[in-house]
Amino acid sequence: MADKKLRVGIIGTGGISNAHTQKYLMMKDDVEIVAGADIVPGKAEEYFKRYEIDAKAYTDHKEMIEKEELDAVSVCTYNRTHAECTIDALNAGIHVLLEKPMCVTLEEAVQIMRAEKASGKILSIGFQPRFDANMQQIKKIVESGVLGEIYYIQTGGGRRRGIPGGTFIEDKTAGIGALGDIGCYSLDMVLNAIGYPKPLTVSGYTSDFFGKSVEYSGEYNASRFSVDDFAAAFIRLEGGIILDFRISWAMHMDTPGDTLIYGKKGALRIPSTDCWNGSVGGPMTLYHDVAGQQTQTTLPLHGGCDCFFHKVRSFVEAIQNGGTAPIPSSQILYNQAIIDGIGKSAKLGREIEIEIPEI
């Protein structure tokens with residue numbers, strides 16, 4: 001496969017698709033963007049004209065998949081259509097780079113994975129923070145054993161004021177709000193570090209006070225707002241690990257707290273950011289005992305990373321080399337199960353068990 005260019009299609013030519021296209025264009029020796037689809041008439045045509053790309057434009061992704069000989073697609077649509085577009089592509093024998101969140105519900109995630117399994121194609125989920133050296137350092141610290149057995153984690157993040165607009169704030173398009181937009185990143189940061197243990201139970205809470213406030217959102221956006229702008233949960237994971245989680249688009253606070261990983265031999269503090277951006281807010285601190293003395297070790301931050309490029313590049317290389325998905329759905333299934341469980345628990349007002357069907 002590496003001796004010919006991959007024929008790539010873009011499904012959804014909204015905001016996030018620009019990052020995908022820009023990175024693909026940095027790989028012109030390996031990738032050719034040949035088509036794109038967007039449900040808004042004329043949008044895909046204007047998109048390709050802006051990038052000076054000679055590609056075929058469609059208003060129906062199914063028609064694009066049927067008529068074009070594609071090796072891969074990037075799914076960059078709003079959350080509610082992630083599952084449909086991804087399953088259609090996989091069923092057609094096309095590799096998929098799927099933007100986060102994976103989808104809206106656990107049931108959709110299971111359907112996606114079943115299609116992936118039947119197709120034998122690569123499905124990678126869009127969690128570019130995985131490629132940040134600071135994120136990788138967190139995982140290395142846990143795996144080194146310096147913290148000992150992990151038993152409790154506090155994580156989350158958010159914005160004091162930062163509700164997006166457009167399709168992000170309506171249930172009919174987004175399905176989930178802050179939970180899906182930035183909550184999935186926060187969960188992945190710690191779950192990936194500890195090896196993605198299976199979630200067992202969740203007691204969740206969600207609210208939408210700011211999004212529905214005319215004073216905050218304006219009359220138009222407030223009338224449309226129908227997702228969460230804040231969520232919190234207490235999650236029990238396999239192995240006896242407790243996960244205390246909170247995420248926010250808007251609140252009367254600059255942060256819901258740093259990420260803390262508690263182990264039986266040590267603990268790690270990961271400073272939060274003012275606006276959750278996929279990295280860490282400052283040097284991390286390792287709390288441990290050295291020769292019987294309580295000690296704090298400051299860990300310097302690593303330099304910048306074009307993480308989005310590495311996300312797309314790793315997907316392309318996996319296809320070329322017959323490799324495996326850089327960000328596998330088998331992990332993100334648990335991420336999605338937690339998000340889904342938080343929403344369901346919040347509606348019921350009680351803790352629920354997380355039941356994940358066989359794939």
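The residues of the chain are indexed from 1 along the displayed sequence.
No side-chain donor from either of D171 and S226 sits under 3.5 Å from a side-chain acceptor of the other. A donor and an acceptor atom, one from each side chain of Q22 and Y51, are located under 3.5 Å apart. Of the N and O atoms on the side chains of T173 and T167, not one donor lies less than 3.5 Å from an acceptor on the other residue. Side-chain contact check for Y58 and E68: at least one donor-acceptor pair (N or O, by modelled atom type) lies under 3.5 Å. Between the side chains of Y47 and S17, a donor-acceptor pair is found at a separation under 3.5 Å. Between the side chains of E99 and H20, a donor-acceptor pair is found at a separation under 3.5 Å. Between the side chains of D30 and Y24, no donor-acceptor pair is found at a separation under 3.5 Å.
A distance-only check finds no donor-acceptor pair linking the side chain of S213 to the backbone of F209 [under 3.5 Å]. Although no hydrogens or angles enter the test, the distance criterion places no donor-acceptor pair under 3.5 Å between the side chain of S217 and the main chain of V214. Under a 3.5 Å cut-off, the side chain of R161 and the backbone N or O of M251 do form a donor-acceptor pair. Counting only distance, with no hydrogens or angles, the side chain of K100 and the backbone of C184 share no donor-acceptor pair below 3.5 Å. When atom types are taken as modelled, the side chain of D340 and the backbone of Q336 share no donor-acceptor pair closer than 3.5 angstrom. Side-chain N or O atoms of E108 include one that pairs as donor or acceptor with a backbone N or O of T105 at under 3.5 Å. Using a distance-only test at 3.5 Å, with no hydrogens or angles considered, no donor-acceptor pair links the side chain of R246 to the main chain of G156. Side-chain atoms of S345 come within 3.5 Å of backbone N or O of G204 as a donor-acceptor pair. Side chain of N79 to backbone of A174: a donor-acceptor contact under 3.5 angstrom is found. Remark: the backbone N or O of G263 is not paired with any side-chain donor or acceptor of E149 at under 3.5 angstrom.
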Exercise. Between I261 and I138, does a side-chain contact (heavy atoms from CB on, under 4.5 Å) hold up when you go through it step by step?
Worked result: CA-CA 10 Å; I261 302 178; I138 296 167; 4.1 Å; yes
Problem set entry | side-chain contact (heavy atoms from CB on, under 4.5 Å) between K62 and E84, intermediate numbers included | CA-CA 10 Å; K62 292 181 180 179; E84 176 190 358; 3.7 Å; yes
Problem set entry | side-chain contact (heavy atoms from CB on, under 4.5 Å) assessment of K265 paired with V146 | CA-CA 7 Å; K265 292 182 179 179; V146 69; over 6 Å; no
For this session: Please lay out, stage by stage, how L333 and L106 fare under the test side-chain contact (heavy atoms from CB on, under 4.5 Å).
Result: CA-CA 7 Å; L333 173 68; L106 173 59; 3.7 Å; yes
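Within the 4.5 Å cutoff, side-chain heavy atoms of W249 are placed close to those of D181. Contact annotation: the side chain of Y205 never approaches that of D228 to less than 4.5 Å [non-hydrogen atoms, C-beta and beyond]. Looking only at side-chain heavy atoms (C-beta outward), E351 and R236 come within less than 4.5 Å of each other. You'll find the side chain of M189 stays beyond 4.5 Å of the side chain of N192, heavy atoms only. Using a 4.5 Å cut-off on side-chain heavy atoms (C-beta onward), M135 and Q128 make no contact. A heavy-atom distance below 4.5 Å is found between the side chains of I141 and L299. No side-chain heavy atom of N91 sits less than 4.5 Å from a side-chain heavy atom of I65. Annotation: side chain of V34 is not in contact with side chain of K56 (no heavy-atom distance under 4.5 Å).
In the hydrophobic clustering of this structure, I354 does not group with I242; members are Ile, Leu, Val, Met, Phe, Trp, Tyr whose side-chain heavy atoms approach within less than 4.5 Å, directly or through other members. Using a 4.5 Å cut-off between side-chain heavy atoms of Ile, Leu, Val, Met, Phe, Trp and Tyr, with links allowed through other members, M27 and I16 fall into the same hydrophobic cluster. Linking Ile, Leu, Val, Met, Phe, Trp and Tyr residues whenever their side-chain heavy atoms come within less than 4.5 Å places L25 and V312 in a single cluster.
Ion pairing of E317 with R313 is present here, as a side-chain N (NZ or NE/NH1/NH2) and a carboxylate O approach within less than 4.0 Å. The residues E46 and K43 are annotated as not salt-bridged, no charged nitrogen and carboxylate oxygen being separated by less than 4.0 angstrom.
Put simply, the residue from F234, Y262, F245 that forms a ring pair (Phe, Tyr, Trp, His ring centres under 6.0 Å) with Y152 is Y262.
Once rounded to the nearest 0.5 Å, the distance linking CD of Q136 with CG of N134 reads 9.0 Å. Annotation: the span from I235 atom CD1 to I342 atom CD1 amounts to 4.5 Å, rounded to 0.5 Å. Rounding to the nearest 0.5 angstrom, the gap separating the OG atom in S186 from the CG atom in N335 is 9.5 Å. Taking CD1 of I241 as the reference point, atom NZ of K198 lies at 14.5 Å (rounded to 0.5 Å). Between the CG atom in D244 and the OG1 atom in T259 there is a gap of 10.5 Å [rounded to 0.5 Å]. Rounded to the nearest 0.5 angstrom, T86 OG1 and L123 CG are separated by 6.5 Å.
Counting non-hydrogen atoms of other residues, nucleotides and ligands closer than 6.0 Å to CD of E353 gives a total of 12 or fewer. By the neighbour-count criterion of 12 heavy atoms within 6.0 Å, atom CD of Q293 is sparsely surrounded, having that number or fewer from other residues, nucleotides or ligands. Enclosure of atom NZ in K344 by more than 12 non-hydrogen atoms of other residues, nucleotides or ligands within 6.0 angstrom is indicated. The environment of CG in D289 is crowded: more than 12 heavy-atom neighbours from other residues, nucleotides or ligands sit within 6.0 Å.
C85 and V75 get closest at one heavy-atom pair: CB-CG1, 4.0 Å. Heavy-atom minimum distance, I176 versus C103: CD1-O, 3.8 Å. Among all heavy-atom pairs drawn from I169 and P164, the shortest one is CG2-O, 3.1 Å. Counting all heavy atoms, side chain and backbone alike, L90 lies closest to I112 at CD1-O, 3.9 Å.
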